[in-house]
J.: 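Can you read through this structure? Questions will come right after.
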Amino acid sequence: MTHPFLDLAPLGAARFASIEDRVARLLDTRQDVVIMQGEALLPLEGAIRGTTGPGTTALNVITGPYGQTFGDWLRDCGATVIDLAVPFHTAVTAAQVREAFARHPEIDFVSLVHAEAATGNTNPVAEIGEVVREQGALFYLDAVASVGAEPVLPDAWGVDLCVIGAQKAMGGPAGVSAVSVSERAWARMAANPRAPRRSYLSLLDWKERWVDAGRKALLHAPAQLEMLALEACLERIEAQGLDSVMARHRAAALAVREGAAAVGLEPYVRELRDAAPVATTLRVTDGRHAAELVARALAADPGVPLAAGGGALAAEMIRVNHYGADASVETARRSLAALDAAAR
Ligand SMILES: *Cc1c(COP(=O)(O)O)cnc(C)c1O
């Protein structure tokens, strides 16, 4: 008897390329899309190491924990890093990015997280992209948490390196990820003597041996199960319609925001326009401890997608991870009901 996970025909180059094309359609991009054989941290790190070095001046926008990580990689690459940190209850503005360029015209790289599942905010990428393009800098975007929950449009927004993963709003696997790469970003990598080459982190290897070679032969055996899961998840999004998948996330987010007050909590992100559709964060205001409240809520209903904030936020932040299969008003209401039960 054949096993559904184990006794599979090999996943060939043509199938792999067709999955890349599906990702390109999802992002409405004409840039090269490379599917990387690892979790999103692989292209996130590979893209920074490929395009930056001691000559780089990077504006690193910090609106949550991932911005911190990117700053560490950038410094590790020898780049001069200008951190622009904004409080987690808000979003960065295009005006703040413009001011940073005015103070440091030498900035030639901007790293930004689109939506932060960990802090529940989302940033106005289209407006920021206009500023970055005016200044001619390379624009790097982590869209792992936004794709599927809100529009992600690298071409329209002038994003040079747009990284996505399927494990959040796409409702797909975590083990493979993708990056769209502009011509300018490829040129920056090709000119960078420190860009990884002959390395698992290397995007240039994929450019030279896969993209430029007509996508005929893979560099190594692909992560077959994850690739099939990614293909299935793209098919499901196409069948449901990306707009309806995004609408489900928005509706779930609104239901949590609107229902928070009734269970004694308030939205952590103050303005609706700054709140990410992928996940909603709530603030505990009355001296109760968020992590303890979440533990009691999960004891009351183990099926709800609740978590406490990470690190220092564990005392005051509750995350409702209403993404993927949990992106529904019903799950949003159930999550609030569990928090209500926990409070009693
Ligand atoms: C979830 C997420 C990632 C991927 O990290 P995992 O914790 O491994 O899922 C990357 N960037 C952002 C902004 C994310 O929210």
Side-chain angles (χ1 to χ4, degrees), residues 22-23 25-28 39-40 64 66 91 113-123 125 142-153 162-178 226 229-260 262-263 265 267-269 271-282 294 297-298 301-310 317-340:
R22 275 201 142 115
V23 172
R25 280 201 294 279
L26 182 79
L27 299 177
D28 202 11
E39 201 270 335
Y66 285 93
V113 176
H114 185 186
E116 297 263 10
T119 42
N121 47 13
T122 189
N123 294 298
V125 182
D142 174 350
V144 175
S146 52
V147 67
E150 58 188 301
V152 175
L153 300 166
C162 183
V163 175
I164 66 157
Q167 72 262 42
K168 299 253 170 73
M170 289 174 67
V176 288
S177 48
E226 283 83 357
L230 176 60
E231 185 181 51
C233 128
L234 288 159
E235 275 170 5
R236 188 165 67 179
I237 292 171
E238 287 165 17
Q240 294 178 350
L242 179 58
D243 285 343
S244 98
V245 175
M246 293 192 294
R248 258 198 299 119
H249 285 85
R250 265 198 316 275
L254 273 178
V256 173
R257 276 186 85 83
E258 284 167 1
V263 299
L265 299 165
Y268 195 94
V269 177
E271 300 291 334
L272 177 61
R273 65 157 191 275
D274 300 336
V278 68
T280 301
T281 45
L282 299 171
V294 166
L298 288 173
D301 186 350
V304 290
L306 291 174
M317 182 191 281
I318 293 171
R319 296 167 50 186
V320 188
N321 293 321
H322 45 69
Y323 52 71
D326 287 323
S328 69
V329 170
E330 189 199 333
T331 298
R333 292 199 178 128
R334 223 177 108 187
S335 302
L336 290 172
L339 287 167
D340 195 31

J.: Quick check for you: to the nearest 0.5 Å, what is the distance between D274 atom CG and T119 atom OG1?
T.: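 Rounded to the nearest 0.5 Å, the CG-OG1 separation comes to 11.0 Å.
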J.: Between CD of E258 and CG of L272, what distance do you get to the nearest 0.5 Å?
T.: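 Those atoms lie 8.5 Å apart.
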J.: What's the shortest heavy-atom distance between A115 and A145, and which atoms?
T.: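 In this case the closest contact between A115 and A145 is O-CB, 3.4 Å.
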J.: Which atoms form the tightest heavy-atom contact between A275 and T122, and what is the distance?
T.: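 Minimum heavy-atom separation between A275 and T122: O-CG2, 3.6 Å.
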J.: Please report the shortest heavy-atom distance between V163 and A40, naming the atom on each side.
T.: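 Taking every non-hydrogen atom into account, CG1-O, 4.0 Å.
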J.: Side-chain contact, heavy-atom cut-off 4.5 Å: P277 with M246?
T.: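 They are not in side-chain contact.
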J.: Within a strict 4.5 Å, meaning less than it, do heavy atoms of the D142 and E116 side chains meet?
T.: no
J.: Restricting to non-hydrogen atoms, name the atom on A252 and the atom on A332 that form the minimum distance, rounded to 0.1 Å.
T.: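 Scanning both residues, the minimum pair turns out to be O-CB, 3.6 Å.
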J.: For D326 and V304, indicate whether the former's side chain and the latter's backbone hold a donor-acceptor pair under 3.5 Å.
T.: no
J.: State the CD-SG distance between Q167 and C233, to the nearest 0.5 angstrom.
T.: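 Separation between the atoms: 10.0 Å.
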J.: What residues form a side chain to side chain contact (heavy atoms under 4.5 Å, CB included) with A327, not counting sequence neighbours?
T.: R248, H249
J.: Is it the case that over 12 heavy atoms from other parts of the model lie below 6.0 angstrom from the CD atom of Q240?
T.: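 Yes, the 6.0 Å shell around CD holds more than 12 heavy atoms from other groups.
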J.: Could you tell me the separation between the CE atom of M170 and the CG atom of L230, rounded to the nearest 0.5 Å?
T.: 5.5 Å
J.: Among T281, N121, T280, I318, whose side chain to side chain contact (heavy atoms under 4.5 Å, CB included) with Y268 holds?
T.: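 Going through T281, N121, T280, I318 one by one, the side chain to side chain contact (heavy atoms under 4.5 Å, CB included) with Y268 is satisfied by T281 alone.
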J.: Whether R22 and E235 form a salt bridge (side-chain N of Lys/Arg under 4.0 Å from carboxylate O of Asp/Glu) is what I want to check.
T.: yes
J.: Mind listing the closest non-hydrogen atom pair of A149 and A169 along with its distance?
T.: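 Scanning both residues completely, I find the closest heavy atoms to be N-CB, 3.5 Å.
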J.: Between C162 and V152, is any pair of side-chain heavy atoms under 4.5 Å apart?
T.: yes
J.: Can you measure from OG1 (T331) to OH (Y323) and round to the nearest 0.5 angstrom?
T.: 13.0 Å
J.: Look only at the side chain of D301 and the backbone of G303, and say whether a donor-acceptor pair between them is shorter than 3.5 Å.
T.: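 Between the backbone of G303 and the side chain of D301 there is a qualifying donor-acceptor contact (under 3.5 Å).
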J.: Could you check if a side-chain atom of N321 sits within less than 4.5 angstrom of a side-chain atom of L306, using non-hydrogen atoms only?
T.: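 Of all side-chain heavy-atom pairs linking L306 with N321, none is under 4.5 Å.
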J.: Find the distance between CG (L153) and CG (L26) and round it off to the nearest 0.5 Å.
T.: 9.5 Å
J.: Can you tell me if R236 has over 12 outside heavy atoms packed within less than 6.0 Å of its CZ?
T.: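 Open: at most 12 neighbouring heavy atoms sit under 6.0 Å from CZ of R236.
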J.: Donor-acceptor check, side chain of R257 to backbone of V269, threshold 3.5 angstrom: yes or no?
T.: yes
J.: Which atom names give the shortest non-hydrogen contact between V329 and A255, and what distance separates them?
T.: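 Closest heavy-atom pair between V329 and A255: CG1-CB, 4.1 Å.
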J.: Is the backbone N or O of G175 less than 3.5 Å from a side-chain atom of E226, with the two atoms forming a donor-acceptor pair by type?
T.: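 It does not hold such a pair.
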J.: Does L282 reach the side chain of L339, with side-chain heavy atoms less than 4.5 Å apart?
T.: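 L282 reaches L339 side chain to side chain.
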J.: Stepwise, does the side chain to side chain contact (heavy atoms under 4.5 Å, CB included) test hold for L27 with V147?
T.: CA-CA 8 Å; L27 299 177; V147 67; 4.1 Å; yes
J.: Can you list everything that forms a ring pair (Phe, Tyr, Trp, His ring centres under 6.0 Å) with H322? Sequence neighbours excluded, please.
T.: none
